[in-house]
**Q** 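Supplied in C-alpha coordinates, the structure appears directly below.
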Amino acid sequence: MSNQEKTKFEPKVLAFLCTWCTYAGADLAGVSRLQYPPNIRNIRVLCSATVSPHHILKAFAKGADGVMVGGCHIGDCHYLKGNWMTVKRMNFIQDLIDFVGLDSGRLHLDWISAAEGPKFAQVVTDFTKKVKDMGKAESTSAGLADA
Amino acid sequence: MREHVEKLLEEGKVDAVLGQRNLGGFPFPFIYTKENISDTAEDFVAGMRYPMPKIFLAMHRDNPDKTFGVVVRGCEERALNEMLKWNQIEADKVVKLGYACSQTQAEACECREPYPTEVLLGDKVDPVAKSERVAEVDELDLGARLDWWKSHFNRCMRCYACRDVCPVCFCKECSLEEPDLIPTEMLPPDMTFHLVRAVHMAGKCIDCGMCEEICSVHIPLRVLFKKVRDIVSETFDYTPGKVDGKSPFNMLGDAVEFSPRPL
(Lines give C-alpha, C1' and ligand atoms only; values in the text may rest on other atoms or scores of the structure.)
Protein backbone atom coordinates (compact mmCIF):
# COMPACT_ATOMS: atom_id res chain seq x y z
CA MET A 1 0.00 0.00 0.00
CA SER A 2 1.52 3.32 -1.04
CA ASN A 3 1.60 6.31 1.26
CA GLN A 4 -1.08 8.06 -0.71
CA GLU A 5 -3.42 5.08 -0.47
CA LYS A 6 -2.70 4.83 3.22
CA THR A 7 -3.77 8.38 3.89
CA LYS A 8 -6.94 7.79 1.90
CA PHE A 9 -7.74 4.53 3.65
CA GLU A 10 -10.25 4.91 6.43
CA PRO A 11 -10.55 1.75 8.52
CA LYS A 12 -13.80 0.43 9.85
CA VAL A 13 -13.53 -0.26 13.54
CA LEU A 14 -16.28 -2.07 15.36
CA ALA A 15 -16.49 -1.70 19.11
CA PHE A 16 -18.46 -3.83 21.55
CA LEU A 17 -18.92 -1.75 24.68
CA CYS A 18 -20.18 -2.97 28.00
CA THR A 19 -23.21 -0.90 28.94
CA TRP A 20 -22.18 -0.43 32.58
CA CYS A 21 -18.66 0.91 32.13
CA THR A 22 -17.26 1.48 28.69
CA TYR A 23 -20.47 2.66 27.04
CA ALA A 24 -20.89 5.13 29.87
CA GLY A 25 -17.24 6.04 29.40
CA ALA A 26 -17.95 6.70 25.72
CA ASP A 27 -20.91 8.82 26.79
CA LEU A 28 -18.66 10.81 29.10
CA ALA A 29 -16.16 11.30 26.28
CA GLY A 30 -19.07 12.61 24.20
CA VAL A 31 -20.53 15.03 26.72
CA SER A 32 -17.01 16.22 27.55
CA ARG A 33 -16.63 17.02 23.83
CA LEU A 34 -13.44 15.00 23.53
CA GLN A 35 -12.32 14.41 19.97
CA TYR A 36 -11.88 10.89 18.65
CA PRO A 37 -11.95 9.40 15.14
CA PRO A 38 -15.35 8.74 13.58
CA ASN A 39 -14.18 5.34 12.24
CA ILE A 40 -15.55 3.59 15.28
CA ARG A 41 -18.99 1.98 15.30
CA ASN A 42 -20.19 1.32 18.79
CA ILE A 43 -22.41 -1.57 19.75
CA ARG A 44 -23.75 -1.62 23.26
CA VAL A 45 -23.75 -5.02 24.95
CA LEU A 46 -24.88 -5.94 28.45
CA CYS A 47 -21.53 -7.38 29.41
CA SER A 48 -18.25 -7.76 27.58
CA ALA A 49 -18.51 -11.48 28.31
CA THR A 50 -21.60 -11.73 26.10
CA VAL A 51 -19.42 -10.95 23.09
CA SER A 52 -19.16 -14.36 21.51
CA PRO A 53 -16.35 -15.38 19.17
CA HIS A 54 -19.08 -15.43 16.53
CA HIS A 55 -19.54 -11.67 16.87
CA ILE A 56 -15.85 -10.91 16.58
CA LEU A 57 -15.16 -13.24 13.70
CA LYS A 58 -18.32 -12.23 11.88
CA ALA A 59 -17.25 -8.60 12.17
CA PHE A 60 -13.99 -9.48 10.43
CA ALA A 61 -15.87 -11.57 7.87
CA LYS A 62 -18.12 -8.60 7.08
CA GLY A 63 -15.17 -6.32 6.47
CA ALA A 64 -14.27 -4.75 9.80
CA ASP A 65 -10.60 -3.80 9.88
CA GLY A 66 -10.43 -3.76 13.63
CA VAL A 67 -12.59 -4.98 16.50
CA MET A 68 -12.45 -3.50 19.95
CA VAL A 69 -14.06 -4.87 23.07
CA GLY A 70 -14.48 -2.61 26.08
CA GLY A 71 -15.39 -3.81 29.54
CA CYS A 72 -15.25 -2.90 33.20
CA HIS A 73 -12.03 -3.20 35.15
CA ILE A 74 -11.52 -6.56 36.86
CA GLY A 75 -13.50 -6.51 40.07
CA ASP A 76 -15.95 -3.89 38.83
CA CYS A 77 -18.05 -6.18 36.65
CA HIS A 78 -21.77 -5.62 37.10
CA TYR A 79 -22.17 -9.39 36.86
CA LEU A 80 -19.24 -10.03 39.22
CA LYS A 81 -17.27 -12.46 37.08
CA GLY A 82 -18.20 -11.58 33.50
CA ASN A 83 -14.98 -9.88 32.55
CA TRP A 84 -12.87 -12.74 33.90
CA MET A 85 -14.32 -14.74 31.06
CA THR A 86 -13.84 -11.90 28.60
CA VAL A 87 -10.13 -11.53 29.19
CA LYS A 88 -9.47 -15.26 29.03
CA ARG A 89 -11.51 -15.60 25.86
CA MET A 90 -9.90 -12.59 24.18
CA ASN A 91 -6.38 -13.76 25.00
CA PHE A 92 -7.24 -17.12 23.52
CA ILE A 93 -8.86 -15.72 20.36
CA GLN A 94 -5.87 -13.48 19.75
CA ASP A 95 -3.51 -16.46 19.86
CA LEU A 96 -5.86 -18.53 17.73
CA ILE A 97 -6.38 -16.04 14.91
CA ASP A 98 -2.65 -15.45 14.88
CA PHE A 99 -2.13 -19.15 14.22
CA VAL A 100 -4.49 -19.15 11.23
CA GLY A 101 -2.77 -16.11 9.79
CA LEU A 102 -5.02 -13.24 10.79
CA ASP A 103 -3.35 -10.33 12.55
CA SER A 104 -4.15 -10.51 16.25
CA GLY A 105 -3.39 -6.80 16.59
CA ARG A 106 -6.70 -6.06 14.91
CA LEU A 107 -8.53 -7.32 17.95
CA HIS A 108 -8.19 -5.21 21.04
CA LEU A 109 -9.57 -5.52 24.54
CA ASP A 110 -9.45 -2.72 27.05
CA TRP A 111 -10.93 -1.98 30.43
CA ILE A 112 -12.50 1.49 30.47
CA SER A 113 -14.64 2.57 33.38
CA ALA A 114 -17.57 4.99 33.26
CA ALA A 115 -15.30 7.71 34.66
CA GLU A 116 -12.61 7.25 32.06
CA GLY A 117 -13.92 9.38 29.18
CA PRO A 118 -10.46 10.69 28.27
CA LYS A 119 -9.11 7.13 28.29
CA PHE A 120 -11.88 6.05 25.92
CA ALA A 121 -11.03 8.82 23.48
CA GLN A 122 -7.34 7.97 23.75
CA VAL A 123 -7.80 4.23 23.22
CA VAL A 124 -10.08 4.77 20.22
CA THR A 125 -7.63 7.25 18.71
CA ASP A 126 -4.64 4.95 19.21
CA PHE A 127 -6.41 1.84 18.02
CA THR A 128 -7.82 3.53 14.91
CA LYS A 129 -4.38 4.85 14.07
CA LYS A 130 -2.86 1.40 14.53
CA VAL A 131 -5.46 -0.24 12.31
CA LYS A 132 -5.07 2.52 9.73
CA ASP A 133 -1.34 1.87 9.56
CA MET A 134 -1.97 -1.86 9.18
CA GLY A 135 -4.13 -1.28 6.14
CA LYS A 136 -7.12 -3.22 5.00
CA ALA A 137 -7.82 -6.49 6.81
CA GLU A 138 -7.43 -9.81 5.00
CA SER A 139 -10.70 -11.43 4.00
CA THR A 140 -11.72 -14.38 6.12
CA SER A 141 -13.65 -15.95 3.28
CA ALA A 142 -12.31 -19.42 2.65
CA GLY A 143 -13.59 -19.47 -0.93
CA LEU A 144 -11.48 -18.76 -3.97
CA ALA A 145 -10.63 -15.10 -4.49
CA ASP A 146 -13.78 -12.98 -4.63
CA ALA A 147 -15.92 -16.06 -5.17
CA MET B 1 -8.81 -57.90 29.57
CA ARG B 2 -11.14 -60.74 28.66
CA GLU B 3 -11.31 -62.31 32.11
CA HIS B 4 -11.78 -58.88 33.62
CA VAL B 5 -14.75 -58.12 31.35
CA GLU B 6 -16.30 -61.54 31.88
CA LYS B 7 -16.01 -61.09 35.62
CA LEU B 8 -17.60 -57.65 35.53
CA LEU B 9 -20.53 -58.96 33.50
CA GLU B 10 -20.88 -62.08 35.64
CA GLU B 11 -20.88 -60.13 38.90
CA GLY B 12 -23.38 -57.69 37.45
CA LYS B 13 -21.11 -54.70 38.02
CA VAL B 14 -21.83 -53.62 34.47
CA ASP B 15 -24.95 -54.25 32.40
CA ALA B 16 -23.11 -54.25 29.09
CA VAL B 17 -19.69 -53.56 27.65
CA LEU B 18 -19.12 -51.35 24.63
CA GLY B 19 -16.23 -52.61 22.57
CA GLN B 20 -15.47 -53.60 19.02
CA ARG B 21 -15.97 -56.82 17.14
CA ASN B 22 -15.02 -58.23 13.78
CA LEU B 23 -18.13 -58.99 11.78
CA GLY B 24 -17.58 -60.41 8.32
CA GLY B 25 -14.02 -59.15 8.28
CA PHE B 26 -14.89 -55.59 9.32
CA PRO B 27 -14.53 -54.13 12.77
CA PHE B 28 -17.69 -52.60 14.22
CA PRO B 29 -18.63 -51.12 17.57
CA PHE B 30 -20.40 -53.86 19.46
CA ILE B 31 -22.31 -54.17 22.70
CA TYR B 32 -21.31 -57.22 24.70
CA THR B 33 -23.69 -58.58 27.30
CA LYS B 34 -23.73 -61.61 29.57
CA GLU B 35 -25.70 -63.47 26.89
CA ASN B 36 -23.47 -62.89 23.88
CA ILE B 37 -20.02 -62.68 25.47
CA SER B 38 -19.33 -66.37 24.80
CA ASP B 39 -20.00 -65.93 21.04
CA THR B 40 -16.55 -64.56 20.47
CA ALA B 41 -13.08 -65.31 21.73
CA GLU B 42 -11.68 -61.96 20.69
CA ASP B 43 -10.44 -59.17 22.86
CA PHE B 44 -13.04 -56.42 22.19
CA VAL B 45 -10.43 -54.43 20.27
CA ALA B 46 -10.59 -54.66 16.50
CA GLY B 47 -8.12 -52.00 15.48
CA MET B 48 -10.56 -49.56 13.93
CA ARG B 49 -11.18 -46.13 15.36
CA TYR B 50 -14.74 -45.32 16.24
CA PRO B 51 -16.03 -42.43 18.37
CA MET B 52 -16.56 -44.78 21.32
CA PRO B 53 -17.14 -42.04 23.94
CA LYS B 54 -19.79 -40.48 21.72
CA ILE B 55 -21.51 -43.84 21.22
CA PHE B 56 -21.37 -44.36 24.96
CA LEU B 57 -22.85 -40.89 25.52
CA ALA B 58 -25.84 -41.80 23.34
CA MET B 59 -26.26 -45.10 25.21
CA HIS B 60 -25.99 -43.32 28.54
CA ARG B 61 -28.59 -40.72 27.57
CA ASP B 62 -31.00 -43.44 26.45
CA ASN B 63 -30.39 -45.69 29.48
CA PRO B 64 -29.51 -43.41 32.38
CA ASP B 65 -29.98 -46.16 34.98
CA LYS B 66 -27.68 -48.73 33.33
CA THR B 67 -23.98 -49.13 33.96
CA PHE B 68 -21.75 -49.65 30.96
CA GLY B 69 -18.18 -50.76 30.55
CA VAL B 70 -16.37 -48.98 27.75
CA VAL B 71 -13.23 -50.27 26.08
CA VAL B 72 -11.07 -47.17 25.75
CA ARG B 73 -7.77 -45.93 24.37
CA GLY B 74 -5.89 -43.13 26.08
CA CYS B 75 -7.70 -40.42 24.15
CA GLU B 76 -11.08 -42.01 24.70
CA GLU B 77 -10.48 -42.15 28.42
CA ARG B 78 -9.61 -38.47 28.37
CA ALA B 79 -12.85 -37.82 26.48
CA LEU B 80 -14.85 -39.64 29.18
CA ASN B 81 -13.07 -37.63 31.88
CA GLU B 82 -13.93 -34.44 30.08
CA MET B 83 -17.61 -35.47 29.68
CA LEU B 84 -17.65 -36.20 33.38
CA LYS B 85 -16.26 -32.79 34.24
CA TRP B 86 -18.81 -31.06 32.04
CA ASN B 87 -21.61 -33.04 33.73
CA GLN B 88 -22.64 -35.07 30.69
CA ILE B 89 -22.30 -38.50 32.29
CA GLU B 90 -22.40 -39.94 35.76
CA ALA B 91 -19.20 -41.31 37.23
CA ASP B 92 -20.77 -44.46 38.66
CA LYS B 93 -22.43 -45.39 35.37
CA VAL B 94 -19.22 -45.99 33.46
CA VAL B 95 -16.40 -48.46 33.92
CA LYS B 96 -13.31 -47.73 31.83
CA LEU B 97 -11.48 -50.70 30.35
CA GLY B 98 -8.23 -49.35 29.01
CA TYR B 99 -5.86 -50.57 26.35
CA ALA B 100 -2.66 -49.01 25.08
CA CYS B 101 -2.04 -47.89 21.52
CA SER B 102 0.90 -49.21 19.51
CA GLN B 103 4.02 -47.15 18.88
CA THR B 104 3.03 -46.70 15.21
CA GLN B 105 -0.36 -45.34 16.21
CA ALA B 106 1.16 -43.04 18.81
CA GLU B 107 3.54 -41.62 16.25
CA ALA B 108 0.88 -41.24 13.59
CA CYS B 109 -1.24 -39.31 16.10
CA GLU B 110 1.74 -37.43 17.57
CA CYS B 111 0.00 -38.41 20.79
CA ARG B 112 1.26 -37.08 24.08
CA GLU B 113 -0.39 -39.83 26.09
CA PRO B 114 -1.13 -42.91 23.98
CA TYR B 115 -2.38 -44.96 26.94
CA PRO B 116 -5.08 -44.71 29.60
CA THR B 117 -4.26 -44.54 33.30
CA GLU B 118 -5.10 -48.19 33.80
CA VAL B 119 -3.93 -50.53 31.03
CA LEU B 120 -5.59 -53.94 30.78
CA LEU B 121 -4.29 -54.82 27.32
CA GLY B 122 -1.07 -53.97 25.51
CA ASP B 123 1.99 -52.13 26.76
CA LYS B 124 2.48 -48.43 27.32
CA VAL B 125 4.53 -46.98 24.48
CA ASP B 126 6.57 -43.80 24.28
CA PRO B 127 4.55 -40.62 23.91
CA VAL B 128 5.40 -38.00 21.31
CA ALA B 129 6.18 -34.75 23.12
CA LYS B 130 6.01 -32.24 20.29
CA SER B 131 3.88 -32.06 17.18
CA GLU B 132 5.91 -31.61 13.99
CA ARG B 133 2.82 -30.68 12.04
CA VAL B 134 2.01 -27.74 14.31
CA ALA B 135 5.65 -26.63 14.23
CA GLU B 136 5.62 -26.62 10.43
CA VAL B 137 2.66 -24.23 10.33
CA ASP B 138 4.10 -22.12 13.14
CA GLU B 139 7.24 -21.55 11.10
CA LEU B 140 5.36 -19.95 8.22
CA ASP B 141 4.88 -16.19 8.31
CA LEU B 142 1.47 -14.63 8.86
CA GLY B 143 0.40 -14.32 5.21
CA ALA B 144 1.62 -17.80 4.32
CA ARG B 145 -0.25 -19.26 7.30
CA LEU B 146 -3.46 -17.63 6.12
CA ASP B 147 -2.97 -18.98 2.59
CA TRP B 148 -2.16 -22.43 3.93
CA TRP B 149 -5.29 -22.55 6.07
CA LYS B 150 -7.51 -21.15 3.32
CA SER B 151 -6.15 -23.71 0.88
CA HIS B 152 -7.57 -26.34 3.22
CA PHE B 153 -10.69 -24.62 4.53
CA ASN B 154 -11.90 -23.92 0.99
CA ARG B 155 -12.72 -27.60 0.60
CA CYS B 156 -15.12 -27.59 3.54
CA MET B 157 -18.66 -28.48 2.60
CA ARG B 158 -20.08 -27.88 6.03
CA CYS B 159 -21.16 -31.48 6.59
CA TYR B 160 -20.76 -31.09 10.38
CA ALA B 161 -19.04 -34.47 10.59
CA CYS B 162 -16.21 -32.99 12.67
CA ARG B 163 -18.71 -31.68 15.16
CA ASP B 164 -20.88 -34.80 15.22
CA VAL B 165 -17.97 -37.14 15.81
CA CYS B 166 -16.32 -34.98 18.46
CA PRO B 167 -16.66 -36.54 21.93
CA VAL B 168 -16.63 -33.17 23.68
CA CYS B 169 -19.13 -31.50 21.31
CA PHE B 170 -22.12 -32.55 23.34
CA CYS B 171 -24.34 -29.45 23.26
CA LYS B 172 -27.94 -30.03 22.29
CA GLU B 173 -28.13 -26.71 20.49
CA CYS B 174 -25.25 -25.64 18.32
CA SER B 175 -24.48 -22.06 17.35
CA LEU B 176 -22.96 -23.35 14.12
CA GLU B 177 -26.45 -24.30 13.00
CA GLU B 178 -27.76 -20.75 13.36
CA PRO B 179 -28.29 -19.42 9.82
CA ASP B 180 -27.74 -15.87 11.10
CA LEU B 181 -24.28 -16.76 12.32
CA ILE B 182 -23.22 -19.28 9.69
CA PRO B 183 -25.06 -18.43 6.46
CA THR B 184 -26.44 -21.61 4.94
CA GLU B 185 -26.09 -20.43 1.34
CA MET B 186 -22.36 -19.85 1.63
CA LEU B 187 -20.04 -22.66 0.61
CA PRO B 188 -17.32 -23.14 1.63
CA PRO B 189 -18.28 -21.57 4.95
CA ASP B 190 -16.33 -18.59 6.16
CA MET B 191 -13.29 -19.33 8.32
CA THR B 192 -15.54 -18.32 11.21
CA PHE B 193 -17.02 -21.80 11.13
CA HIS B 194 -13.76 -23.51 12.02
CA LEU B 195 -12.49 -20.78 14.29
CA VAL B 196 -15.64 -20.69 16.39
CA ARG B 197 -15.46 -24.44 16.76
CA ALA B 198 -11.85 -24.03 17.81
CA VAL B 199 -12.83 -21.46 20.44
CA HIS B 200 -15.48 -23.81 21.78
CA MET B 201 -12.89 -26.59 21.94
CA ALA B 202 -10.57 -24.54 24.11
CA GLY B 203 -10.15 -26.27 27.45
CA LYS B 204 -12.07 -29.30 26.16
CA CYS B 205 -10.25 -30.81 23.19
CA ILE B 206 -8.49 -33.98 24.27
CA ASP B 207 -6.71 -34.52 20.95
CA CYS B 208 -8.29 -37.75 19.77
CA GLY B 209 -8.12 -36.62 16.15
CA MET B 210 -11.50 -38.07 15.18
CA CYS B 211 -12.43 -34.77 13.49
CA GLU B 212 -9.56 -35.04 11.05
CA GLU B 213 -10.05 -38.74 10.49
CA ILE B 214 -13.71 -38.39 9.61
CA CYS B 215 -13.28 -35.29 7.46
CA SER B 216 -14.15 -36.37 3.94
CA VAL B 217 -12.12 -33.55 2.39
CA HIS B 218 -9.04 -34.04 4.58
CA ILE B 219 -8.88 -30.68 6.30
CA PRO B 220 -5.95 -30.88 8.76
CA LEU B 221 -8.19 -30.04 11.69
CA ARG B 222 -5.96 -31.84 14.12
CA VAL B 223 -3.22 -29.27 13.54
CA LEU B 224 -5.67 -26.54 14.52
CA PHE B 225 -6.88 -28.39 17.60
CA LYS B 226 -3.41 -29.41 18.70
CA LYS B 227 -2.57 -25.72 18.63
CA VAL B 228 -5.72 -24.98 20.64
CA ARG B 229 -4.46 -27.43 23.23
CA ASP B 230 -1.01 -25.86 23.20
CA ILE B 231 -2.40 -22.36 23.68
CA VAL B 232 -4.60 -23.49 26.57
CA SER B 233 -1.75 -25.31 28.30
CA GLU B 234 0.71 -22.45 27.80
CA THR B 235 -1.63 -19.60 28.69
CA PHE B 236 -3.76 -21.22 31.33
CA ASP B 237 -1.56 -24.09 32.49
CA TYR B 238 -4.45 -26.49 32.02
CA THR B 239 -4.55 -29.80 30.18
CA PRO B 240 -8.00 -31.15 29.35
CA GLY B 241 -8.68 -34.83 29.92
CA LYS B 242 -7.34 -35.21 33.43
CA VAL B 243 -9.71 -36.37 36.13
CA ASP B 244 -9.20 -33.31 38.30
CA GLY B 245 -8.94 -29.62 37.53
CA LYS B 246 -11.49 -27.33 36.00
CA SER B 247 -11.42 -25.73 32.59
CA PRO B 248 -10.37 -22.07 32.67
CA PHE B 249 -13.34 -21.46 30.35
CA ASN B 250 -15.80 -22.69 32.92
CA MET B 251 -18.09 -19.84 33.95
CA LEU B 252 -17.48 -20.53 37.61
CA GLY B 253 -13.73 -20.33 37.20
CA ASP B 254 -11.29 -18.75 39.59
CA ALA B 255 -10.06 -15.17 39.60
CA VAL B 256 -7.81 -14.32 36.69
CA GLU B 257 -4.32 -12.94 36.65
CA PHE B 258 -4.56 -11.75 33.05
CA SER B 259 -4.78 -8.25 31.79
CA PRO B 260 -5.74 -7.13 28.30
CA ARG B 261 -2.85 -7.11 25.85
CA PRO B 262 -1.38 -3.70 25.12
CA LEU B 263 -2.23 -1.97 21.86
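Since the structure is predicted, the reported quantities are computational estimates derived from the model, not experimental observations. Note on naming: letters A, B, ... go to the chains in the order of the sequence lines (proteins, then strands), and numbering restarts at 1 for each one.
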**Q** Is it the backbone or the side chain of B:S259 that comes under 4.5 Å from a heavy atom of chain A, or both, or neither?
**A**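 Backbone of B:S259 only, per the 4.5 Å heavy-atom cut-off to chain A.
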**Q** To the nearest 0.5 Å, what is the distance between CZ on A:R89 and CZ on B:F249?
**A** 8.5 Å
**Q** Could you tell me if the side chain of B:L146 sits less than 4.5 Å from the side chain of A:V100, heavy atoms only?
**A**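 SC-SC contact between A:V100 and B:L146 ruled out.
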**Q** Which members of residues 198-207 of chain B, sorted by number, sit under 4.5 angstrom from chain A on a heavy-atom basis?
**A**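 From residues 198-207 of chain B, the residues near chain A are B:A198, B:V199, B:H200, B:A202.
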**Q** Taking atom CZ of B:F236 and atom CG of A:N91, what is their separation to the nearest 0.5 Å?
**A** 6.0 Å
**Q** Counting only heavy atoms closer than 4.5 Å, note whether B:D230 contacts chain A via side chain, backbone, both or neither.
**A**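 Neither; nothing under 4.5 Å.
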**Q** With salt bridge (charged side-chain N to carboxylate O under 4.0 Å, His left out) as the test, pick out the partner of A:D98 among B:R145, B:K227, B:R261.
**A**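 Result: among B:R145, B:K227, B:R261, B:R145 is the only option passing the salt bridge (charged side-chain N to carboxylate O under 4.0 Å, His left out) with A:D98.
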**Q** Hey, is CG on B:D92 packed in by over 12 heavy atoms from elsewhere, all under 6.0 Å?
**A** yes
**Q** Any salt bridge linking B:D190 with A:K62? Criterion: basic side-chain nitrogen under 4.0 Å from a carboxylate oxygen.
**A** no
**Q** So does A:K129 have more than 12 non-hydrogen atoms from other groups sitting under 6.0 Å from NZ?
**A** no
**Q** How many angstroms lie between CZ in A:F99 and CG in B:L142, if you round to the nearest 0.5 Å?
**A** 12.0 Å
**Q** What part of A:L96 lies closer than 4.5 angstrom to a heavy atom of chain B: side chain, backbone, both or neither?
**A** both
**Q** Quick one: does A:S139's side chain get under 4.5 Å of B:K150's, heavy atoms only?
**A** yes
**Q** What's the spacing between A:K88 NZ and B:S247 OG if we round to 0.5 Å?
**A** 7.5 Å
**Q** For atom NZ of A:K12, decide whether the heavy atoms of other residues, nucleotides or ligands shown that lie under 6.0 angstrom number more than 12.
**A**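 At most 12 heavy atoms, drawn from other residues, nucleotides or ligands, come within 6.0 Å of this atom.
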**Q** Heavy-atom pairs under 4.5 Å with chain A are the metric here; pick the option from B:V223, B:T235, B:L224, B:L195 that has the most.
**A** B:L195
**Q** Relative to chain B, which of A:L102, A:D110, A:V123 shows the most heavy atom pairs under 4.5 Å?
**A**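 Highest number of heavy-atom pairs under 4.5 Å: A:L102.
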**Q** Side chains of B:V228 and A:F92: closer than 4.5 Å at any heavy-atom pair?
**A** yes
**Q** Out of A:I56, A:L57, A:I97, return the one with the most heavy atom pairs under 4.5 angstrom to chain B.
**A**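 Top count of heavy-atom pairs under 4.5 Å with chain B: A:L57.
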**Q** Counting only non-hydrogen atoms closer than 4.5 Å, does B:L263 touch chain A with its backbone (N, CA, C, O), its side chain (CB onward), both, or neither?
**A** both
**Q** At a 4.5 Å cut-off on heavy atoms, which part of A:M85 comes close to chain B: side chain, backbone, both, or neither?
**A** side chain
**Q** Rounded to the nearest 0.5 Å, what separates atom CG in B:L181 from atom OG in A:S52?
**A**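 Rounded to the nearest 0.5 Å, the CG-OG separation comes to 7.0 Å.
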**Q** Can you tell me how far apart CZ (B:F193) and NE2 (A:H54) are? Round to the nearest 0.5 Å.
**A** 9.5 Å
